[in-house]
J.: 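Take a look at this one; I'll ask things after.
Residues: numbered from 1 along the sequence shown. No experiment lies behind these values; they were computed from the predicted model shown.
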Amino acid sequence: MIALLAYLLMLPAQQGAPVVGPGQLCLKYSSFALAPGERVVKRALDIENMQLQIDGPHGQYIIVESELMGGPESRHQLLQTRRDARIYSLGHGVYAFRGKLPFTLNGEALAEPEDKFFVSIRGDALNRERSARRILSRLKLGIPAAEPCIMRYRYGWEYFLPPETE
C-alpha cells in the first residue's frame, strides 16, 4: 500500500508550458540560475523529492532535490568546496551537493540544520568538464525565501495533505 502511494505521488505533475531562461528557479532547499536558451521541460514532485529536466543548447540535464538523499561520502570525489556546499563527483556525469540545512515544513525550520546531500545533477550536458563546471556554479544551496524567482517549485507533505481543521 505504501509503495503504491509513493508511486502515485511521484507521477509527473501537469507539465504546462516550459519555463524559459534566463531567470532564477527556486526550489525548497536550493536555487538555480536558468541560462538563456535553457528551459525546464519536465518536472516531477512528490512528498520528499522533486526533479526538473532542463534542455539547453549544450544538452539535457536533470536536477533532483531530495530530503532523503544519502550515500557514503567516502566513495565520492570532492570536486569543490564553497561557502554554501561541497560538490562531489559521483562519476559518469553525476554530481551531488552536500550542505548544512534545516528541514522545513511550510517554510518553517523543523529541526537543527543537518549536514547531508540535498541535490544531485546528471545528464549529457555535464559530460564535458567545462560545461559541467558552468552548470554546477549556477546551483546554490540554501532556502531561497527572499530571492526573485521566475518559478518556485514546492513539494513536501504540506502540499499533499488536506489542510488542518480546528
J.: Report the distance from atom CZ of R138 to atom CD1 of I121, rounding to the nearest 0.5 Å.
T.: 8.5 Å
J.: State the CG-CZ distance between L25 and R152, to the nearest 0.5 angstrom.
T.: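 Interatomic distance, L25 CG to R152 CZ, rounded to 0.5 Å: 11.0 Å.
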J.: Hey, mind stepping through L90 and R122 against side chain to side chain contact (heavy atoms under 4.5 Å, CB included) and telling me if it holds?
T.: CA-CA 10 Å; L90 282 61; R122 69 180 189 279; over 6 Å; no
J.: Distance check, rounded to the nearest 0.5 Å: S120 atom OG versus Q51 atom CD?
T.: 8.0 Å
J.: Take atom NZ of K116 as the centre, draw a 6.0 Å sphere, and report whether it contains more than 12 heavy atoms from other residues, nucleotides or ligands.
T.: yes
J.: Taking all non-hydrogen atoms of both residues, which atom of L141 and which atom of A85 are closest, and how far apart?
T.: CD1-CB, 3.6 Å
J.: Between V64 and V119, does the side chain to side chain contact (heavy atoms under 4.5 Å, CB included) criterion hold? Intermediate values first, please.
T.: CA-CA 6 Å; V64 178; V119 178; over 6 Å; no
J.: Can you tell me how far the CD1 atom of I63 sits from the CE atom of M50, to the nearest 0.5 Å?
T.: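 I63 CD1 to M50 CE: 8.5 Å, rounded to 0.5 Å.
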J.: Measuring from R39:CZ to I54:CD1, what's the distance to the nearest 0.5 Å?
T.: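 So the gap between those two atoms works out to 11.0 Å.
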J.: So, R128 side chain and H58 main chain: donor-acceptor pair closer than 3.5 Å or not?
T.: yes
J.: Test side chain to side chain contact (heavy atoms under 4.5 Å, CB included) on R133 and L79 and set out the steps.
T.: CA-CA 10 Å; R133 286 188 184 274; L79 184 67; 3.6 Å; yes
J.: Charged N to carboxylate O under 4.0 angstrom, R86 versus D115?
T.: yes
J.: Search all heavy atoms of A125 against all heavy atoms of G59 and return the closest pair with its distance.
T.: CB-C, 3.9 Å
J.: Do I135 and Y95 have side-chain heavy atoms sitting under 4.5 Å apart?
T.: no
J.: Check for a donor-acceptor pair, side chain of E65 on one end and backbone N or O of S30 on the other, with a separation under 3.5 Å.
T.: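 Confirmed, E65 side chain pairs with S30 backbone.
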J.: I need the minimum non-hydrogen distance between I87 and L78, along with the two atoms involved.
T.: O-CD1, 3.6 Å
J.: Could you check, using the six-membered ring where one of them is a Trp, whether Y88 and F97 have ring centers closer than 6.0 angstrom?
T.: no
J.: Give me the ring orientation class for Y29 and F118: parallel if the planes are under 30° apart, tilted from 30 to 60°, perpendicular past 60°.
T.: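 Rings of Y29 and F118: tilted, 30 to 60°.
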J.: Going only through I, L, V, M, F, W and Y residues with side-chain contacts under 4.5 Å, is there a path from V20 to V40?
T.: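 No, separate clusters.
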J.: Mind checking whether P57 and E38 have side chains closer than 4.5 Å, heavy atoms only?
T.: yes
J.: Could you pull out the closest heavy-atom pair between R82 and S137, with the gap in Å?
T.: NH1-CA, 3.8 Å
J.: Check whether Y155 forms a cation-pi arrangement with K28 (NZ or CZ under 6.0 Å from the six-membered ring centre, at most 45° off the ring normal).
T.: yes
J.: Quick one: does any side-chain atom of E67 pair with a main-chain N or O of N49 as donor and acceptor, under 3.5 Å?
T.: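 No, because the side chain of E67 does not come within donor-acceptor range (under 3.5 Å) of the backbone of N49.
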J.: Nearest 0.5 Å, please: how far is CG in L136 from OH in Y61?
T.: 9.5 Å
J.: Any donor and acceptor pair, going by atom type alone, linking the side chain of D124 with main-chain N or O of Q60 inside 3.5 Å?
T.: yes
J.: Show your working on side-chain hydrogen bond (donor to acceptor under 3.5 Å, both in side chains) between S89 and Q77 and close with a plain yes or no.
T.: CA-CA 5 Å; S89 172; Q77 176 191 349; 4.6 Å; no
J.: Might you point out which heavy atoms bring D55 and V41 nearest each other, and give the distance in Å?
T.: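 Shortest heavy-atom separation between D55 and V41 comes out as OD2-CG2, 3.5 Å.
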